[in-house]
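Single-structure report; data block below.
Every heavy atom of this structure was used, including side-chain atoms; hydrogens, water molecules and symmetry mates were not. Keep in mind it's a predicted model, so treat the numbers as computed, not measured. Chain letters run A, B, ... following the sequence lines, proteins first, then strands; residues in each count from 1.
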Amino acid sequence: AKDTSSGGGSGGGGMIPQLNLPAEVDASVGSLVNYNPYSAKPATQTWLYEPLMMQNSLDCKVAPWLATSYSWESADKLVFTIRKGVKFADGSAFSAKDVAFTFNLAKKYPAMDLAGVWNDTFGAHATSVTAQGDKVVFQFSGPAAPKFPWIIGQKILSAKHYGNVGDPTKYIDKKPNGTGPFKVGSFNGRQLVLVRRSDYWQASKVKVSKLVLEGQPDATQALLQLRTGKLDFYSGEIPNPRKAFVASNPKINHVWYAPNGVTALAPNLKKAPFNDVKFREAMAYAINKQDATLKATYNMMHVASQSGLVMPLRESMLPTPYTAENTVLPFDLTKAGQLLDEAGYKKGAGGLRTNKDGSPLTIKFAVQAGWIDYEAMADSITASFKKLGLNVKEIKSPPDSVDLQKKTGNFDMMVNFVGSGCDYANGLGATLASDQFPTKSEVKGNVERFSDPAVNQAVKTLQSSTDPAAVKTQVGVLAKAMMTQYPVMPILYAPARGIYRTDKAVGWPTEKDPYANPQDAILLIMTHLRPAK
Amino acid sequence: MPLLDMQNLSVRYEPKRSQPLTAVQDVSFSIRDGEFVGLIGESGSGKTTLGMALLRLLERPGRISDGKILFNGTDITHLAQDELRPTRWRDVSTVFQSSMNSLNPVTRVEAQFRDVIEYHTKLRGEAVTRRVRELFEMVIIDPKFVNAYPHELSGGMKQRVNLAMALAIEPRFVLLDEPTTGLDVVVQHEILENVRRLQREQGFAVLFISHDIGTVLSLSDRMLVMYAGRIVEEQRADSILRDPVHPYSKGLLGSYGDPRAETVQITYVPGRPPDLSQRPVGCNFAPRCPERIDRCVTDDPPLFRIGSARAACHVAALQRLGGHGAEEVGEPTRTFAGPQFVKTSEESKAALRGEVLLSVENVSKVFERRRGLKVHRVQAVQDVSFELRRGEVAALVGQSGSGKSTLASMITGVDTPTAGRIVFHGDGGAQEVAAFRGRHLRDYRSHVQMVFQDPYSSLNPAKTLGYVLSRPLANYHGIKGKAARERVLELLETVALNPPERYINRFAYELSGGQRQRVVIARALAVQPELIVADEPVSSLDVSIRAEILELLNKLVHDSNVGILYITHDLLSARMLSDEVIVLNHGRVVESGPSLEVIRNPKDAYTRRLLEAIPSPDTRSAPTK
Amino acid sequence: MKYFLRKIGFFLLTLWAVVTLNFLIPRLQPGDPAELMVQKLAGKNAQLNLAQVRAMRAMLGTPHGSLWSQYWEYLGHLAHGDFGLSYTYFPYKVTDVIGQGLWWTLVLVACTQILSFVVGVILGAYAAWRRNSRFDSIVTLGSTFVGTLQPFWIALLLLYVFAYSLGWFPTSGGYSSSTPGWNLAFIDEAVSHAFLPAVALMIVTPIGWILGMRNTMIMNLGEDYIRLAKAKGLPDRTVALRYAARNALLPSVTGFALALGGLLGGAILVETAFDYPGLGRLMGEAVANKDYPLLQTLMLLTTTGVLIANLIADLLYGVLDPRARRAER
Amino acid sequence: MTTSGFTPPGAPDQAKNIEVDPEGTAKEASAERPEAWYSVIWSSKKARVGVITVGIFILIAVFAPLIAPHDPTDSSFAPLMGPSGTNWLGTTTNGQDVASQLIFGTRVSLIVGLFGGLLATGIALIIGMISGYAEGTWLDDVLTFVTNVALVIPVLPLIITLVAYSSTRGVTLIIFVIAITSWAGAARAKRAQIITLRNRDFVTAAKFSGEGTLRIVFREIMPNMTSLVAASFVGAATGAIGAEAGLAVLGLGDNNQVSWGTMLYQSNAQGAIAQGLFIWVFAPGLLLAILITAMCFVNFGVDLLSNPHLRED
Ligand SMILES: Nc1ncnc2c1ncn2[C@@H]1O[C@H](COP(=O)(O)OP(=O)(O)OP(=O)(O)O)[C@@H](O)[C@H]1O
Ligand SMILES: Nc1ncnc2c1ncn2[C@@H]1O[C@H](COP(=O)(O)OP(=O)(O)OP(=O)(O)O)[C@@H](O)[C@H]1O
Ligand SMILES: [Mg+2]
Ligand SMILES: [Mg+2]
Ligand code: NI
């Protein structure tokens, strides 16, 4: 049901004079500009400083960027080959030394260590990062495969520029000097104008001469600006984009919402009756996913597979006998009812089901107030659970306090996001591994508090596996656990939104050509854009 | 041609949400240039309304419903405000009843003179200032006050400023609406002297409104007596004193007696005027009139011309003009045949032999007011000593600010003296009042009670009389429920609120001022005190009610052998009620002794000034100063 | 003098209380700004990057020591004019951030407030003077109804009609492509951007003044000094202005000073709706981001602002109303 | 502080406006009884309109389940429908019935108004009365100081802070928060009022009758302040209703209940304007304005109680 009209089309050889994008930070900062990519709110994250590589979260392919290639020499040693001929905006040459400098700076200033290289956040910490010729070598104290996606995403700084600024997170960078495709043209406190660098290392691929970043419009404003062409691309939320945007000019206006993970119903497995797998199975059949996606996403998103993996993209990871189709459980209240009856949750007085021991069964459904799609999903689920005879009560409270409930484990069930990254240890693995229970101070992935030794083992193995075949086996274990133990019940795929116009530029990713995640790979997209005819 | 000619004027108030009423009905009179005319009548009789109509300042819901006002030959009854404006103040100026509040509080006095002077005359700049100073001197205020704000002036000064303002551009006619109410006797006296002098000097005409016949008589050439919106008598001032025609005028005159007489005897008019929205048929005064004949109840009397006077009374007309039924009414009388209040010197002599109930010994009180770093001291009471006996009424007399109330609050335990002591000789032997705290103070108050000056504010408007009277019973005597009700009814009867059942569930606002004051007294009696402190209990009441309350207090002393400390600034009422007088000036006792003695032979100059200030018809004959 | 000393003493005491409250309110509440910021950056449909959260915590620096020692430290910093670094705009100083928003709000809000006060007082006084006229009923009824509209709702309506449908005005921001400064292009942009927010604020604010002024004025019209002024034959204008309005204005002046406090509150909604770069929006942002240093300072700013306005109003009252100068309280 | 709000400090000086009664009959007396508060209020045309309108809203709130065609949270309708027979005013983006939401939304507004108003007035009454009665003592200084601080702290940011940081957002919390942030002005007015009343002779007289302090404050003085209390209640209730909507619009409302404010919030968040769902966006704001206007009109009537100058309008 996704938009299939292409953003493609053949482009000419000319240039796109200007594209308008929303600002990446709030506009009210006025002259308080900071281009430092390691500050809390850099004026732009994307166009000035570049990462080592870019992984397409949809098909998991890794595109070379400042690094031309990588290899895991062993589970604890990662080697990048750094691209030659890259120049910083000031004309100085970029080298492996800058890469090593950036990562070593994070060792000195842990506030900058967004990839967790120097601590044990995702696998073992690094012992050294060194430049060796055109190579950069990461030596870890143990297996560290899950750090890979974060490491390649770090923005590389110029050693010359950042070498003597002290704490980089406290440094206000007003004269950015990155390797990126654009440099700052002007900034007037609200409007950031970026101009194309002709000496960019892949300048031939960048056809946009000027980028204008202005304002952080809300949904309504963004819609208006998109319709009138004051904005060319937007990845924020716009309710009902097909009616509100595409329908107003279907030739030029397009949307593509890529699946970016799974939104699931997470029960608290430490509590009865959710500790009963039968009960959970019944829940899985009692969710009207089709209705949920209609209400929550205006049918923009597909209903989700119980496997916890995004289908059909990851169908290849499924073990037999599972397929993309049969892992999507149907909405079947009769079946759910039977399952509950069999398991002993009989209907009592007033048609409400009771616990096995006959005591009243009430479920408090914690809902993130203000997250309208979550609220809509919750409403839909509550409605069908009630039909099943379950006494569900929605309690809407601010997202912060839902987070607090995640930390304390003091909840019955809630809607939760399940990661679907390319490193399964960090995505689905984090949702299932028992060392990922949230703690008092940190929200980790295993909110439902599922625990299974086999799964733990599989996640552990995944963390040190760099070999695709081994990965598939382990992911199979996770998927199977999802299919048989129902730790969480996926509802629908969470969207990565791309809302764009094709009157100036074409070549945006589409469902047919999903070369990039529209939400977080705009830099990659930039190299694919061509002028419209 | 008269300066002001009022012809059959009627004024109606037609409020949206209550009964319409005719506040002024069919009033005709005229005033010549330079004439001083007094207008009297009790509260609510329509004096102010008449004045406002004359000034054409009536505001909604009031309007002139009938009649004409001719000023200097011009009919101003329906002139537009714009047309009136140039003649305002130049022809007719005024001092309002509430002239305390009629100065703009946020501008300096001079500016308020300036705007009117500059608007109406050609004077500008310095000349205006000079004129203002001149005016100030005329009304005897230090010219340095021209630059003051109104709140920096005392009440009396404000009144005088208003007077000066009224005379600022030498008008032909000045309307003075009770220009001295609320003022101290001494100050009042001074201002009125002033008015009279200026009027003689400048020759403007005056309509002087007051509810106090004594004040008016001593000033006016001619008197108008108003009752329930009508003029009931008009006569030259000197002849009305000798020969009042209307019974109401007689009643008003009867409320004055000579304090120097061995036996003072005053009369009062019982009851209250009619509700103006539901006038009775016949003479409006008939229900209160002791001379009433049958015709009064059925026929409304017109203003008969009787000799040089005019009066609206059937009886007087019959008596003096004769006619059908003249034989029944007998000879004209000079006095009001209503209830009387008598005080003889014999009674006082007896009272002064009672046992001592309270002794005040060298009491002083200093108030300290902090102002920033400076401490401002006020010596309110200084070294005062006296004794009060059971069955005795002692009057504490003095002008405003002389420390009377301060003494009262020390005696009742509200405040403590800074020096000296007050001793109460009750059942528990001699006890010092200042030592009472908490429960003891409450105990003490079961022996000492207070009657307040203002009966309007001393009764809670939200409570019924039954509640008000039952509280002291419950608090001091533990009487509750039915017994309390019985007792309340008894009390109401004691203060002559008959039949008591009709009053027990009423609210204070349903009563007249006199009735309220009686409730206040009943509340004090409920406690069965031995000492009653009455702080100016009649000064805010109409003359006719005053005597009524005094009578009640007098009865009380006789019947229950309590001691009363009667506080007043009015020597006449002191003489009528008290056995002993203590004169206070600036917190000191300047003179004290048996009442008759003090009043007949005042030793102190201050006492003499107080005596002179008594507004009485007789002061007219007595030479001033 | 006493009067003024008292006022100033009160001012200092309240200031201290307000400073302390501003310190306490954010601190007594749970919540983790670092987590929140990372979550915001990533969006709700993303897994929290734990490394990033940890880094963010290290960056912002978590408060340490007992509440008591924090309090003294806070007071010490305040005394040096050190308000800390904003979380949202890290590593910019809170004062820099506020400095950016201040002008926008000052211009927008101060202009509309003063204008609406003046308009409101004039309309109210005139309505009272012409009491029961058609003008009076239109003004009272109309302003009552309009005054009850929510500013936010008016903002929506204005946006819809004048920005979206008619396209006469921009939908958001304080300016667009011009360079801030005294140049025509910028002023033109600034004015057209401020227009709708100003109207949204202007529509509702005068109402209080109209009704308040009308009430006090009607009350004053019954006073004797007004009657006397009329008896003096002074022209209507003098009576209305110098006697009635002058006296009726007094409560409005103090009311105005107090209202300055509610000002930022009203501005939050409107500024947010129009994405206007002022303090109101900053305040909303600070709350949303749990930016304690910024929030604390904004609250301090507004409360001190009100206090000072109040002090000025009190002193002004002393000038305007001679009675107050002598009165004890 | 000498600053004063718009509430005239002058007491409803009933006693003095009343004519003195003749020895008279009960009939005459009744003619002079001050008008009962309800007839004073009713006598104003505006107040009449207000009372009737508020009455209609109350009826709607009470009988919402009978009037509303659907459950306001029932999201089983097709989303984004225009007005039709089943959905009188169309449906929301979640497939909820707009008309039913509007009808049920009345409840929250009225409940918040009623209880928020009561609570705020109650706090104001207690603090104002005690501080006024104790004027000049340290107790008064403390309470006045607290009142002044509460008056000076900007209300909306404080509410936002309080609500944003509390974990549940029931209507109770909203009521509580609104009440504790809005009592100060009224407390000050009451303090001023009680100071004028406290020096009346009847209070001293009550002391002479042996009454205790609390009884004096609450049995003797308070009954004389009904009009002020009533006026401040209507004012507080009106404010509370607006504040609830404001909070909801900021996303700080109670999302478990349908209120006009949450409707505004939801519709705005769902881009209702862009999708052409005008009724959904504009109707709640309009109803809110009508309800608040109606209450202001009632207040015009209440003003007549405390300010007889206005009665001849
Ligand atoms: N605005 C008004 N609306 C209705 N009735 C009024 C109004 N003003 C005065 N009255 C009534 O008109 C009558 C006359 O009142 P007025 O003030 O003229 O009396 P007065 O003789 O001046 O009394 P006082 O001696 O108390 O000043 C009274 O019954 C009073 O109640
Ligand atoms: N609480 C107080 N604080 C300071 N000064 C006071 C206080 N009470 C009274 N005074 C002063 O003490 C003096 C005497 O006042 P008091 O009230 O006893 O006079 P009074 O004789 O009762 O006057 P009036 O006839 O006006 O009632 C006055 O100068 C007054 O200003
Ligand atoms: Mg009068
Ligand atoms: Mg006194
Ligand atoms: Ni003050």
Side-chain angles (χ1 to χ4, degrees), chain C residues 10 13-14 17-18 21 25-26 28-31 131-132 141 144-145 147-150 152-153 156-157 159-160 164 208 211-212 215-216 218-219 221-222 251-252 254-255 257-258 261-266 268-269 272 283-284 287-288 295 298-299 302-303 306-307 310 313-314 317 324 327 329, chain D residues 1-8 10 46 135 145-146 148-149 151-162 164-167 185 238 242 245-246 249-252 261 264 267-268 273-274 278 281-282 284-286 288-297 300 303 307-310 312-313:
Chain C
F10 158 77
L13 195 65
T14 316
V18 159
L21 271 180
I25 289 175
L28 290 179
Q29 311 295 339
R131 185 158 159 225
N132 290 329
L141 296 186
T144 309
F145 180 72
T148 59
L149 297 173
Q150 304 295 310
F152 169 81
W153 189 79
L156 275 187
L157 195 69
L159 268 177
Y160 173 68
Y164 297 155
L211 297 182
N215 270 8
T216 29
I218 283 177
M219 220 150 61
L221 285 178
S252 294
T254 22
L258 277 180
L263 205 150
L264 200 65
I268 292 183
L269 289 173
T272 307
M283 171 92 80
V287 170
L295 185 64
L298 279 170
M299 282 175 56
T302 50
T303 44
V306 179
L307 272 180
N310 217 334
D314 265 353
Y317 203 95
R329 49 176 68 233
Chain D
M1 287 285 304
T2 40
T3 55
S4 69
F6 287 126
T7 324
K46 284 182 216 150
E135 192 214 351
F145 170 69
V146 170
N148 283 332
V149 170
L151 210 58
V152 155
I153 289 221
V155 175
L156 200 54
L158 183 66
I159 295 186
I160 292 176
T161 321
L162 286 179
Y165 293 150
S166 41
S167 54
T238 315
V249 162
L250 284 172
L252 298 169
L264 270 174
S267 58
N268 188 48
I273 289 187
F278 302 119
V281 198
F282 291 123
L286 205 62
L288 203 58
I290 292 175
L291 175 61
I292 298 181
T293 308
M295 296 192 53
C296 288
F297 277 15
F300 277 135
D303 276 348
N307 186 358
H309 280 290
L310 300 169
E312 281 306 319
D313 254 348

Task: Side chain / backbone / both / neither for C:L21 at chain D, heavy atoms under 4.5 Å - done: side chain
TODO: Heavy atoms only, distances under 4.5 angstrom: which of D:L286, D:V146, D:L264 has the most pairs with chain C? Name it, please.
DONE: D:L286
Open item on the list: Checking D:F145 now: which residues fulfil ring-ring contact (aromatic ring centres under 6.0 Å, His included) with it, not counting sequence neighbours?
Closed with: none
Open item on the list: Looking at chain D, which one of C:L149, C:L156, C:L211 has the largest number of heavy-atom pairs inside 4.5 Å, strictly under?
Closed with: C:L156
TODO: Not counting sequence neighbours, which residues clear side-chain hydrogen bond (donor to acceptor under 3.5 Å, both in side chains) with D:T293? List them please.
DONE: C:T148
Task: Parallel, tilted or perpendicular, as decided by the 30° and 60° cut-offs, for the rings of C:W153 and D:F282 - done: perpendicular
